[in-house]
Structures are given as structure tokens and as C-alpha cells.
Amino acid sequence: MTRVTMLTPYVPNGKRAVERIFGCNYGLYPMPNIFVLYTASELEAAGYEVKIMDVPIEKWSEEQYRDYLKNDKSAAYVVYSTLLAKEMDINAHAILREINPDVPVIYSGPAPTDDPDFFLVDDRTFVIRGEPELSCVDIINTLSGKSDRDMFDIQTAIPGISAKLNGKVENYPTGGVIENLDALNHPARHLVDASKYFSPKFGVSPVTVMLTSRGCTAKCIYCVPCSLSFARELEYKKTNENKPPVRMRSVENVIEEIEQIAKDGYKAVSIIDDQFLWGEERTRAIAEAFKKHNLAWGCLARADMVTEPIAKILSETNCKFVDIGVESFNPAILEYIKKGVSVEQTENAIKLLRKHNVFIKANILIGSSPLETKETIRHTIKRAIELDVDSIMVGATNPFPGTVFYTLAKENGWFVKGDYYPSDSQREWVMEYPHFTRDDMDEMLRWANRTFFFRPRFFLRQLHRLRNPVDFIKTVRTFFKKLGWIWK
Ligand code: SF4
């Protein structure tokens with residue numbers, strides 16, 4: 001059987017592994033890449049032997065990576081790359097090419113979607129723009145002779161791919177989005193060693209990741225909710241004015257996957273939908289399935305989707321956290337960034353979740369508008385403390401290519417190097433305003449983390465949540481990484 005390997009390439013000595021699910025920073029803790037698992041599953045269903053090789057998880061040296069490539073018999077490699085990982089991935093590609101000049105390599109993810117030319121360094125390399133699952137099978141079928149389509153003929157070209165033909169990059173017509181998500185096979189979790197992944201948000205292991213819907217109806221100007229959504233929107237907006245439509249899996253299809261996850265022995269599930277709370281009925285049905293199978297779970301949600309019945313459902317079904325995109329408690333900033341959620345709605349959601357004892361993580365983006373000042377940031381952090389959220393994630397708002405915020409940053413000359421460059425959004429801002437500089441950003445990121453986390457109340461709550469000593473040690477390491485006190 002033809003072997004295809006889903007490869008997360010080698011990380012050079014002294015560099016940190018990149019987090020590829022959300023795609024905005026270096027990894028704080030290792031989680032399985034659900035987008036890779038989806039593509040792997042489609043390839044398996046098409047009859048291929050699929051391997052997953054996550055080199056950063058193995059912590060291999062360059063020598064070990066070379067040895068692996070020399071001995072490996074894969075007929076093709078599939079790499080999911082993000083903006084922050086692209087330089088590392090293309091350096092690892094050079095090593096692969098030294099050892100195996102002819103093996104096909106297929107890239108997908110936001111970085112290849114944004115800049116196919118960067119990855120198409122030779123004519124045995126291919127890029128899938130946007131959602132990769134189905135086009136990846138088409139490419140492998142064509143390369144392995146299972147399909148007689150001509151990849152380079154516009155009439156039969158595979159949707160959404162880019163390739164190099166006679167030294168010139170060809171971008172074939174877009175593939176759109178996968179409309180029926182129920183038609184996809186469930187992610188191939190059996191291909192990974194669950195014990196190697198961990199999330200400090202649960203206090204139990206093993207943990208996996210799940211996707212029940214794709215997309216969000218809101219139009220925040222900076223939005224890059226996860227790396228697949230970013231890739232999808234970058235591609236979709238090339239031919240459409242609006243965002244791609246929200247697509248949801250049926251409740252039955254989601255419950256079938258939850259049953260399989262429980263059978264596989266997982267104890268917790270992190271749902272990474274851009275926004276998970278699509279109404280009370282759907283939320284209840286899925287949440288009850290988690291409860292029935294004794295699975296802890298958590299999700300991301302928009303504040304305006306939290307109702308009292310939903311908060312109650314979450315508290316009764318072992319939901320361990322809700323990540324809310326708060327961004328700011330300043331009404332003018334929320335208006336500027338087109339959040340579509342008012343300060344009152346956010347506060348109301350937090351109060352409801354607090355009342356029902358659901359762990360709340362407030363995601364706060366600073367510098368998202370020229371209205372931001374040190375004072376608005378101080379107000380936002382103090383308000384998060386007053387409202388008693390359990391945790392926060394504070395990041396600098398970097399204008400990713402393809403977003404409205406990017407256009408604004410370009411037009412107004414806010415980029416410090418004239419354009420976007422990949423950076424870790426928890427540490428580095430690639431722009432500044434005349435009145436609020438990068439030094440101000442550094443100072444306020446440190447201040448926000450110090451002010452929120454160095455409180456006895458925060459420590460006591462964490463101690464209460466984490467009863468398992470191994471998880472406790474891993475969580476402390478994660479926390480130190482988050483604060484920049486340790487590097488790897
Ligand atoms: S609510 Fe979140 S996912 Fe939706 S557009 Fe805004 S930032 Fe993006």
C-alpha cells in the first residue's frame with residue numbers, strides 16, 4: 001500500500017516549536033493538530049497507509065531528522081504550515097530535498113495559502129490553498145496513478161491547488177469550501193500517541209481536539225480565529241466579498257465522534273470551533289453527550305451567544321472552560337474593531353458563567369485600534385479582575401494579511417517594517433501607533449500578565465483545579481513559558 005506521511009518538520013536547535021492549530025504563537029503545550037488528522041483520515045479512507053510524524057513532539061536533532069528521512073519509505077509528505085512556521089518549514093524542506101530530490105511534498109495551511117510561491121521551490125512540490133482535506137486526496141490519487149486527471153490542465157486541474165509548471169507558478173481555480181462537513185470522515189486519532197499531548201485547561205489526560213462547525217458570522221476586523229479558518233478566509237475572499245458561510249456538522253455526526261473519542265480512552269475534549277454556542281438545542285444535545293461519556297470539555301464562544309440556559313447546560317455537563325473573545329471593555333474600541341458585541345453583552349455573559357460556576361478565560365487583544373491607550377488597557381484588565389474571570393490570554397493585535405486590519409495598518413503606515421512579518425503575537429507587535437509604541441506594548445503586556453496572574457486568588461483556583469501532580473507540574477511549566485521565563 002502506498003504510504004503518505006503527514007509531516008510536522010524538524011525545528012532547528014535553539015528555536016521553539018510553533019503552535020499550528022491557532023497559528024499565532026509558539027507552542028505553550030502540545031496538542032494534536034486536528035486539521036492534519038482530518039486530512040489523514042480522508043487519505044486512509046482513499047486506501048493509503050498514513051503515518052503522522054510530529055518531529056517537534058519527538059524533539060529530534062537535525063541528525064535524527066536526517067536519519068528518519070533516509071530510512072523512510074513514504075511516497076509523499078504532507079505538511080501543514082503557518083506564517084510563524086514557514087521559514088523553519090522551508091529550511092526543513094531543503095534538508096528533505098538533499099536526501100530525497102523527487103518525493104512529492106504537499107503543503108497546506110495559512111502560510112502556503114497566503115504565499116504559494118514561497119513554498120513552490122521545485123516542481124515536485126504542491127500547495128493546497130484553503131481547506132485541504134479533499135484536494136489532498138485528489139493530488140495523491142493523481143500522483144499515484146489512481147486518477148487519470150492531468151493536474152496541470154486547467155480543465156481537469158484539482159481545485160485550489162498551486163504548482164510549478166515549467167518553472168512558473170500556476171494557481172488553479174479555487175476549490176471553495178467543503179459544504180457538507182458530515183461527509184468528512186472523523187479525524188484519524190488512532191494515528192497519534194495520545195499520551196504525548198496535554199492541555200493545562202483540564203487537569204485530566206489524555207486530551208484531544210474537536211471541530212463541530214467551521215466559521216463565524218461576525219466581522220471583527222483583525223479576525224484569525226484558528227489557522228484553518230485563516231486559510232479558508234484568505235482563499236475565499238479572493239473570489240468573494242464576504243466571509244465563507246458558517247457550516248455545522250449535524251448533532252448526530254458530532255455525537256458519533258464523541259462516542260468514538262470515549263471508546264478511544266480520552267478524558268477531555270477541547271472544541272476549537274471559531275464559535276461553538278450555536279443555540280440552546282444544539283449545545284444541549286452535544287453537551288449531554290460529553291456528560292454521558294464522562295468527558296470533560298471546553299470551547300470558544302462569542303459573548304452574545306451565552307444565555308442563562310446555556311450557562312446552566314455548560315455547568316451541568318462537565319464543561320471545564322469557555323474562552324470568550326472579550327478583546328476590550330472600552331465601547332469605542334469594540335465599535336472600531338466591529339466586534340458586534342457590546343461591553344454590556346460581554347459583562348452579562350461573564351456574570352452568567354460566573355453564576356453557574358463555569359471557568360471563564362477572557363481573551364484580550366491589545367492594540368487592536370488607534371483608540372487604545374495605556375489607560376484603556378488598564379481599565380480592561382481591572383474590569384476582568386472585578387468581574388472575576390478565572391484566567392486571561394493577553395496578546396498584541398497583529399494585522400494578518402487578508403484582514404481589514406491589515407489594510408488599515410498598510411494605509412496608515414503602522415507597520416514598523418513597512419509590512420507584516422511573522423511574529424509571536426503573545427510577545428511581539430509588528431506595528432505601532434504614533435501615540436502607542438512597541439515599547440508601550442511590551443510594557444503593557446508585562447503589566448497585564450503581572451497584574452492578573454500574580455494574585456493569591458488566581459493561584460488558589462489553579463491549585464483547586466489541578467489535583468494530579470503530573471498535570472500540575474506541566475501546567476506550571478506552561479505558565480512559565482507563557483510569561484517568557486522558560487523558553488522550551
Ligand atoms: S467573533 Fe471571533 S471568530 Fe468571529 S469574527 Fe470575531 S474574532 Fe473572528
Side-chain angles (χ1 to χ4, degrees), residues 22 24-25 216-225 230 243 274-275 300-306 322-351 353 360-389 391-400 402-416 420 423 425-452:
F22 293 101
C24 303
N25 48 268
C216 169
T217 47
K219 294 188 175 132
C220 306
I221 60 171
Y222 52 81
C223 175
V224 177
F230 181 25
K243 289 171 60 147
D274 298 348
Q275 186 315 101
L300 290 88
R302 279 176 64 89
D304 56 339
M305 305 301 264
V306 178
V322 177
D323 274 24
I324 298 271
V326 169
E327 326 311 1
S328 171
F329 282 109
N330 179 294
I333 291 178
L334 292 186
E335 178 103 359
Y336 184 96
I337 64 178
K338 300 203 170 13
K339 185 76 201 167
V341 176
S342 65
V343 170
E344 291 70 33
Q345 283 173 310
T346 303
E347 295 198 352
N348 185 45
I350 292 171
K351 284 174 190 164
L353 293 168
I360 310 154
K361 180 165 144 261
N363 292 332
I364 292 166
L365 271 180
I366 60 181
S368 62
S369 111
L371 304 172
E372 191 83 282
T373 61
K374 290 184 182 178
E375 214 32 64
T376 57
I377 296 164
R378 283 195 198 102
H379 170 71
T380 292
I381 299 300
K382 284 182 182 160
R383 195 72 193 116
I385 292 171
E386 281 163 10
L387 289 163
D388 202 18
V389 303
S391 187
I392 58 171
M393 166 80 90
V394 191
T397 320
N398 278 315
F400 287 91
T403 61
V404 173
F405 195 40
Y406 174 89
T407 311
L408 285 170
K410 270 301 250 188
E411 284 172 359
N412 289 287
W414 294 333
F415 283 115
V416 287
Y420 173 83
S423 73
S425 288
Q426 280 186 28
R427 312 223 171 283
E428 189 181 357
W429 204 26
V430 302
M431 53 169 276
E432 60 186 12
Y433 302 117
H435 70 285
F436 188 82
T437 64
R438 295 218 292 177
D439 286 345
D440 294 330
M441 174 63 83
D442 288 348
E443 178 193 331
M444 294 316 288
L445 280 173
R446 279 200 303 275
W447 176 85
N449 281 323
R450 224 175 35 234
T451 304
F452 187 89

Working to the nearest 0.5 Å, report the span between OG of Ser369 and NZ of Lys339. 13.5 Å
Side-chain heavy atoms of Val341 within contact of Leu334, under 4.5 Å: no
Give me the ring orientation class for His379 and Phe329: parallel if the planes are under 30° apart, tilted from 30 to 60°, perpendicular past 60°. perpendicular
Is any side-chain heavy atom of Ile337 less than 4.5 Å from a side-chain heavy atom of Leu365? no
Kindly give the heavy-atom pair with the smallest separation between Phe400 and Ser425, and that separation in Å. CZ-OG, 4.1 Å
Where do Ile366 and Glu372 come nearest, in terms of heavy atoms and distance? CA-OE2, 3.3 Å
Look at the side chain of Ser328 and the backbone N and O of Ile333, then say whether any donor-acceptor pair between them is shorter than 3.5 Å. no
Is a donor on one side and an acceptor on the other found under 3.5 Å between the side chain of Asn398 and the backbone of Val430? yes
So Trp414 and Phe405, would you call those rings parallel, tilted or perpendicular, with 30° and 60° as cut-offs? tilted
With the side chain counted from C-beta on, respond yes when Ile381 and Ile364 share a heavy-atom pair under 4.5 Å apart, and no when they do not. yes
Which heavy-atom pair separates Met441 from Ala396 by the least distance, and what is that distance? CE-CB, 3.7 Å
Which pair of non-hydrogen atoms, one from His435 and one from Asp440, has the smallest distance, and what is that distance? O-OD2, 3.8 Å
Using modelled atom types only, decide if a donor and an acceptor are shared between the side chain of Glu411 and the backbone of Leu408 within a distance under 3.5 Å. no
What closest approach, in Å, do Val322 and Ala301 show between heavy atoms, and which atom pair accounts for it? CG1-CB, 3.9 Å
In Å, rounded to the nearest 0.5 Å, how long is the span from CE of Met444 to CG of Asp442? 11.5 Å
Name the one of Asn348, Ile350, Val343 that satisfies side chain to side chain contact (heavy atoms under 4.5 Å, CB included) with Thr346? Ile350
Examine distances only and state if a side-chain atom of Gln345 and a backbone atom of Ala303 form a donor-acceptor pair shorter than 3.5 Å. no
Spatial distance of atom CD1 (Ile392) from atom CG (Asp323) [nearest 0.5 Å]: 12.5 Å
Is the CD atom of Glu335 crowded by more than 12 outside heavy atoms at less than 6.0 Å? no
Measure the shortest side-chain to side-chain distance between Ile324 and Val306 over non-hydrogen atoms and say whether it is less than 4.5 angstrom. yes
Are the aromatic rings of Tyr406 and Phe415 close, with centres under 6.0 Å apart? yes
Out of curiosity, Thr380 OG1 to Glu327 CD, how far, rounded to the nearest 0.5 Å? 10.0 Å
Indicate yes or no: at least one non-hydrogen side-chain atom of Lys374 is less than 4.5 angstrom from one of Trp447. no
Are any side-chain N or O atoms of Lys243 and backbone N or O atoms of Cys216, one a donor and one an acceptor, separated by less than 3.5 Å? yes
Lys361 and Val389, any side-chain heavy atoms less than 4.5 Å apart: no
Heavy-atom pair of closest approach, residues Glu428 and Ser423: O-OG, 3.2 Å
Using a 3.5 Å distance criterion without hydrogens, assess whether the side chain of Asn330 forms a donor-acceptor pair with backbone atoms of Ala332. yes
Please name all residues satisfying side-chain hydrogen bond (donor to acceptor under 3.5 Å, both in side chains) with Tyr433, sequence neighbours left out, ordered by chain then number. none
